[in-house]
Amino acid sequence: MADYNFKQVEQKWQKIWEENGTFRAVDGSDKEKFYALVEFPYPSGAGMHVGHIKAYSGLEVVSRKRRLQGYNVLFPIGFDAYGLPTENYAIKTGIHPRKVTDMNIEKFTSQLKRVGFSFDWDRVIDTTDENYYKWTQWIFLKMFEHGLAFRDKTLVNYCPSCKVVLSNEDSQGGKCDICHSDVVQKSKDVWYLRITEYADKLLEGLEEVDYLPNVKQQQINWIGKSRGAFVNFKINEVPEELKIYTTRPDTLFGVTFMVMAPEHPLIDTYKEKIANFAAVEEYRKECAKKTEFERTQLVKDKTGVKLEGFTAKNPVNGKDIPIYISDYVMMGYGTGAIMAVPAHDGRDYDFAKKFGIDIIEVIEGGNIAEEAYTGDGKMVNSDFLNGFDNKKDSIAAMIEHLKKEGIGEEGVQYKMKDWAFNRQRYWGEPIPIVHCPHCGLVPVPYDELPLKLPDVENFEPGQDGESPLAKIDSFVNCKCPKCGGAAKRETDTMPQWAGSSWYFLRYIDPHNDKALADMDKLKYWGPVDWYNGGMEHVTRHMIYSRFWHRFLYDIGAVPFKEPYLKRTAQGLILGPDGVKMSKSRGNVIDPNEVVDVYGADVLRTYVLFMGDYEQAAPWSESSMKGCKRFIDRLWKLQDITVEGDNYSDDLMSAMHKTIKKVSEDIEAMKFNTAIAAVMALLNQIYDKGAITRAELRDLILIVNPFAPHITEEIWEKQNFGGMLNEAAWPSYDEAKCVDATIEIPVQVNGKIRERIHVAPDAEQPEVLERVHALEKIAAECAGKTIVKEIYVKGRIVNIVVK
RNA sequence: GCGGGUAUGGCGGAAUUGGCAGACGCGCCAGAUUUAGGAUCUGGUAUCUCCGAUGUGCAGGUUCAAGUCCUGUUACCCGCACCA
């Protein structure tokens, strides 16, 4: 047999698959469906990364296996093409983002095809295609109609370098997610999506899906639901109440001061009554100047200013307490003001120590002279709560009291905030809203969608962060759809997360021009059975898309509640130096080069063999050569193939065991051990020196999902009949997975002294009888008393002697 | 600080969930083939004081039996972070 020519073979089969539409998903089939989804790529100019290959190879293998098992598989791909890098490239080069995007999509497509992924290429979507974003705009208008899209003037995160307003999610740690420069606070009119209204639904939905535990936990933390109480504190000097939120209302008797966020509006309302207003203003200025970095890094050093001339009354004991402002209280959470219980909160404790404020213990168990005690314990110094010994009961009792006295109520808070939903950028979906001087915000009529993104010459954002669209008079000036008067269009565009929030629905019916997808098709294909992607998308992208989807369900546009039944995440591929791949480090591996030198089958096999799929692992070229050897050895099996319609006796259990192992491991995403099992089988076959046609046929089938090109070629060369992808996944017989005899280690006091061969179903008396007949074991036991004898069937013998 | 995770040969990693630690691959050593290199094939490869003992970050514990379970502890990684 001539050496394996991967270049020729891979091209040959890729062409055949393409011409035959081999991997097309069939609408309206009687077969059971399987919808596998991978996160569609952003088509960047750099082209694909080996990380993409690993991300897609997991469900690629599952999909190919499921097809052989008779499923109707939908395994689609598309492009999430709106975004800043393309726009910035356009600004730099003057090439239109449309052109850049088309070029990049073409590049990605050819790269993906070279790897032989079994995507359904008839269903490719592009979020920047007007037939796609028409429906993105449609969903936005539906949200507007239902009061979920609204406009508000607030402080926003603004990146002075990108000249763009960012969501909290895009500016974590006070750094711009795109350019990593410092984000500043700015007052602006912005669009929001009321995702907070869906917080509970998003939490409840998690109970019915199968996500990795840490994915679920991250989403729960992100939503950040907490239960507690709102309590009103009277301010003594003015007719005003200061409302606070607390998770521990039962510690009210330990409150010795209050703290307001520096931005709290009450401060301005009563500024002429604040005796030290100049000092307050000074402090507020300092806070506004602080970067997020300083705020978080100097956590322990508490700062603040007392509001002179104001005191509050503790509503449970009537004590007068001072009010401070401090930047450790945030305006964006709760009510922007807190009751401080220094004895039982670390931050309040630090503040009280620094400002010399009383610390009153109300929960026993700690040493409040040393530090705040945040554990549970018996209530003290707390009037009617004294004697309660767990927080559940004491909180319930206090809430009861607050309600009865009319000073507070039960409450819930979320860390999640409403989603800032606009960018002052060109390369995004136009927001289909008209600003009419008479009618206010008026939606573009549905029959006028898509509201097309106009052509512009200059993609630079305007000064002060205005969208480039604002400069195009023909776009901006329009008639109000409601009153017909002169009006202006919204010029902001949607954020990059918009298009990806519903793309999995469009794959189901990508060419539909009547609806985002046909209801019958949605019923057949939905929901996504298995979604794999990166860990970095489990909060933002996944929560956003679960929100959109749940909204669409609530208005009857989709027939299922949760979009993704199962979610897994692949680990990163690190550079050969063990560090995350990056252009600046120069440790990036180009998949094209790997395909050139080793072939697509080797690349596919290696990214799955290199380690635990869900764990990060460094790239190693020499390790990949091992996979190259594996592929070549697979080819050479043809040299030792002999006639035979059955498995041979000496490979019987090995064949069945391997089929079982590979079948199970693929479903469990343990691709590395599946490949290892096949390698071990290959070693055994070469030791024996022969393989029957029946064995080769099934071996080729189970390797096919990993290495589809070479296996199709062998299939054809060996005349196994038809195309491999029309054959059935081999089955295994549980009874034949066991060998005729198995080796059992024999331990004396837990140390292995001998080994014997027994039938797998041999019973304990028989085995022990044979064990005692062994010379070495008899010697070990001589003169000692046998305390215990254990035989674990098929595993081990242990004799305990004294 | 909170939440989640990881720790096993020279390296990437296995271990049926309490039952032979180191599967499989890389690397390395030796041999075969080759003018040579590469490729390929065969054998070996945890450590040590090597007929026996030791060994899964560290210290204890449970058990006939622990990488796996329990208690404590250290280091590193990821996510969130002054969230009241």
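Worth saying up front: this structure is predicted, and the values here are computed from it rather than measured. Letters A, B, ... mirror the listed sequences (proteins, then strands); counts begin at 1.
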Mind checking what makes ring pair (Phe, Tyr, Trp, His ring centres under 6.0 Å) contact with [X], not counting sequence neighbours?
X: A:Phe233; answer: none
X: A:Tyr211; answer: none
X: A:Tyr606; answer: A:Trp619
X: A:His537; answer: none

Who passes salt bridge (Lys or Arg N to Asp or Glu O under 4.0 Å) against [X], sequence neighbours left out?
X: A:Asp612; answer: none
X: A:Lys776; answer: none
X: A:Lys353; answer: none

**OP:** For B:U45 versus B:G1, give the span between their P atoms, rounded off to a whole number of Å.
**Re:** 47 Å
Original post:
side chain to side chain donor-acceptor pair (under 3.5 Å) with A:Asn232: which residues, sequence neighbours excluded?
Top reply: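 So A:Asn232 forms no side chain to side chain donor-acceptor pair (under 3.5 Å) with any residue.
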**OP:** For nucleotides 9-19 of chain B, just jot down a letter per nucleotide in 5' to 3' order: B, S or -, based on protein non-hydrogen atoms under 4.0 Å.
**Re:** ---BSSSB--B
Original post:
With distance as the sole criterion, do the side chain of A:Lys302 and the base of B:C82 form a donor-acceptor contact below 3.5 Å?
Top reply: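 Side chain to base: pair found, below 3.5 Å.
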Original post:
Looking at the side chain of A:Pro745, which of B:U40, B:C20, B:C82 is the nearest nucleotide?
Top reply: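 Nearest listed nucleotide: B:C20.
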Nucleotide N/O of nucleotides 48-53 of chain B paired with protein N/O under 3.5 Å:
| from | atom 1 | to | atom 2 | distance (Å) |
| --- | --- | --- | --- | --- |
| B:A53 | OP2 | A:Arg753 | NH1 | 3.3 |

**OP:** Quick one: the dot-bracket string of RNA chain B, using Watson-Crick and G-U wobble pairs with both distances under 3.5 Å, [ ] for crossing pairs and | for bases paired to another strand.
**Re:** (((((((..(((......[....)))((((((.......))))))(((...)))..(((((..]....))))))))))))....
Original post:
With sequence neighbours left out, what residues match A:Ile368 under side chain to side chain contact (heavy atoms under 4.5 Å, CB included)?
Top reply: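 Counting only residues at least two positions away or on another chain, A:Ile368 forms a side chain to side chain contact (heavy atoms under 4.5 Å, CB included) with A:Ala343, A:Ile359, A:Glu361.
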Subject >> Sugar-phosphate only, base, or nothing, as touched by A:Glu743 at under 4.0 Å among non-hydrogen atoms >> reply: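 Base contact.
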